[in-house]
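For ligands, and for the atoms within them, numbers begin at 1 and follow the listed sequence.
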Amino acid sequence: MFRTLHSRLLLSYMAVIAISLLGMAAIISLILYNRALPVRQAYQRLSYVAAGVIARQQFGSPAPPDEQLDRLFDQVQSLADSQKIRGLVVERPDNVVLFDSAHQLPPGRPAAVEMRVTNPRNANGLIEGIILDGDDTWLFVAVQMPVAGRQLSIILEVPRPRMGILGAFEVMGENLMIPVLEAGCIGSVMAVLLAAWVARSVARPLQRMAEAATSVAKGDFSQEVPVSGPSEVRSVATAFNRMTAQVKRARQAQQDFLANISHELRTPLTSIRGFSQAIMDGTANTPELAAHVAGIIHEEAGRLSRMVDELLDLARIESGQMTMERERLDLGGIIRAVAERFSIRAHEAGISLEVTVEPLPTVIGDGDRLAQVLTNLIDNAIKYTPSGGTISVCAAPDGDGVKITVSDTGEGIPEEELPRLFERFYRVDKSRSRRDRGGVGLGLAISREIVIAHGGTIGAENVPGAGARFTVWLPAA
Ligand code: ADP
């Protein structure tokens with residue numbers, strides 16, 4: 001029922017509106033309940049009763065002085081009974097109680113209540129005020145008059161009236177129901193519009209993303225969703241686009257990987273089959289021929305086994321199974337030793353190999369693995385540099401680490417290939433027509449893993465007018 005964002009938003013907005021309006025109504029009722037609306041009427045009523053007392057005192061038939069007080073008390077009592085009020089007669093100035101129609105205050109003692117005059121002379125010329133008697137509040141009207149030669153106050157009081165919760169609701173319903181309903185209607189219309197707007201701005205891009213994700217799942221990686229809507233949705237869209245790009249790349253790499261691995265396997269296997277066939281059917285019938293053929297088979301098998309070793313190496317490094325030593329290394333010594341090993345090969349290829357090593361800070365790591373990286377870089381440089389070229393290996397401190405560069409004067413690397421150079425099986429020359437140059441495109445991938453495991457970086461660039469330059473940076477101890 002409330003599955004869509006739109007309906008949920010609408011529901012929550014409506015709930016908020018309803019709760020606010022109900023809360024508001026409750027607060028107003030409470031205010032009304034506590035507000036003494038009929039106070040004025042109560043004073044009015046007391047004033048009329050008081051006027052009656054005065055009139056009886058002034059115009060009633062005169063009584064003997066010893067009966068005057070009793071008669072006053074009787075009058076107050078009957079008025080109190082008939083008007084449902086309370087009447088007190090006190091003697092000034094100390095407010096000594098002479099009579100209490102409710103028979104609660106003991107006669108002969110000062111009235112132990114707090115009396116506050118709020119209006120010393122109201123429209124009827126009487127005193128108005130309130131009495132605070134513990135928790136109770138009373139409204140009173142007082143008349144001062146001499147009776148039988150004594151200065152008396154006649155105090156008429158009623159409990160302060162309250163509107164009562166029902167009364168409050170009634171007033172609320174009569175006066176406020178319509179505005180509250182109106183506010184509710186306006187709020188609801190706004191809630192509908194707002195919910196539609198918010199839902200649209202959130203749901204639309206999400207829906208597009210869902211469609212794009214479905215297409216990606218079906219194998220269409222060209223999907224890119226527009227980045228729009230609130231910032232949260234925008235960041236999802238950006239992440240989505242980044243993810244599809246990444247998936248596309250990964251898929252491409254996987255396809256290349258498969259194509260490459262089958263190609264790399266097929267070539268040596270084909271030649272192994274062909275040449276072993278030659279031995280089997282007696283084509284290689286002389287001992288020299290047989291030895292030559294066996295030599296080729298041996299070479300191809302060696303190639304296969306190197307490939308398997310490299311793949312295993314890579315898999316082990318990538319999965320973190322290969323443990324790297326952590327020794328203090330003399331990197332300069334390692335570089336010189338590796339270069340030394342290549343000196344004969346370089347000489348044979350007519351390439352001059354120059355090594356420049358500045359005093360270097362100590363690097364902590366696995367010497368054999370780092371030697372493997374250098375071996376791969378120099379090996380590549382020799383493979384891709386024509387006779388008469390130069391390879392220079394330089395090592396120098398750089399920042400808080402060591403920078404090693406291997407530059408050659410070979411063919412260089414096409415700019416567009418640079419970003420993918422370190423991927424597994426990636427080879428610039430995919431035709432493998434230069435099979436004699438050996439590699440299967442795993443060397444740089446392995447090198448990168450080793451360098452990363454040492455906390456370093458590796459990169460490749462072209463030297464304008466010359467060949468390729470590989471740079472390895474390793475942090476110093
Ligand atoms: P391989 O075993 O094929 O040498 P690598 O991973 O070591 O594999 O290198 C990947 C590709 O990078 C090579 O096939 C080659 O095309 C290119 N490459 C590497 N080093 C150089 C270089 N010094 N000059 C030109 N191309 C290079």
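Residue contacts with ligand 1 include K383, since one or more of its heavy atoms lies under 4.0 Å from the ligand. Contact annotation: G410 has no heavy atom less than 4.0 Å from any atom of ligand 1. Contact annotation: A381 has at least one heavy atom less than 4.0 Å from an atom of ligand 1.
Residue L444 touches ligand 1 through backbone and side chain together, judged by heavy-atom distances below 4.0 Å. Using a 4.0 Å cut-off between heavy atoms, T385 makes no contact with ligand 1 at all. When non-hydrogen atoms are compared, ligand 1 lies under 4.0 Å from neither the backbone nor the side chain of F422.
Between the side chains of R369 and Q372, at least one donor N or O lies within less than 3.5 Å of an accepting N or O. In summary, the side chains of T390 and D408 do not present any donor paired with an acceptor at a separation below 3.5 Å, with no hydrogens or angles considered. Using modelled atom types and a 3.5 Å distance limit, the side chains of Q246 and R249 yield a donor-acceptor pair.
Where the criterion is an N or O separation shorter than 3.5 Å, residue side chain and backbone included, A468 fails it with respect to ligand 1. Annotation: E411 places no N or O atom under 3.5 Å from an N or O atom of ligand 1; distance criterion only.
Salt-bridge check for E423 with R448: failed, with every basic side-chain N at 4.0 Å or more from each acidic carboxylate O. Checked for salt-bridge contact, E232 and R234 miss the test: no charged N lies under 4.0 Å from a carboxylate O. Between R345 and D379 a salt bridge is recorded (basic side-chain N to carboxylate O distance below 4.0 Å).
Of all the listed residues (N380, L442, D408), D408 holds the heavy atom that lies closest to atom 23 (N) of ligand 1.
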Mind listing the side-chain donor-acceptor pairs of residues 331-341 below 3.5 Å, one per line with the distance, residues two or more places apart or on another chain?
none

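Contact atoms of ligand 1 toward G412: 25 (C) (distance under 4.0 Å to a heavy atom of the residue).
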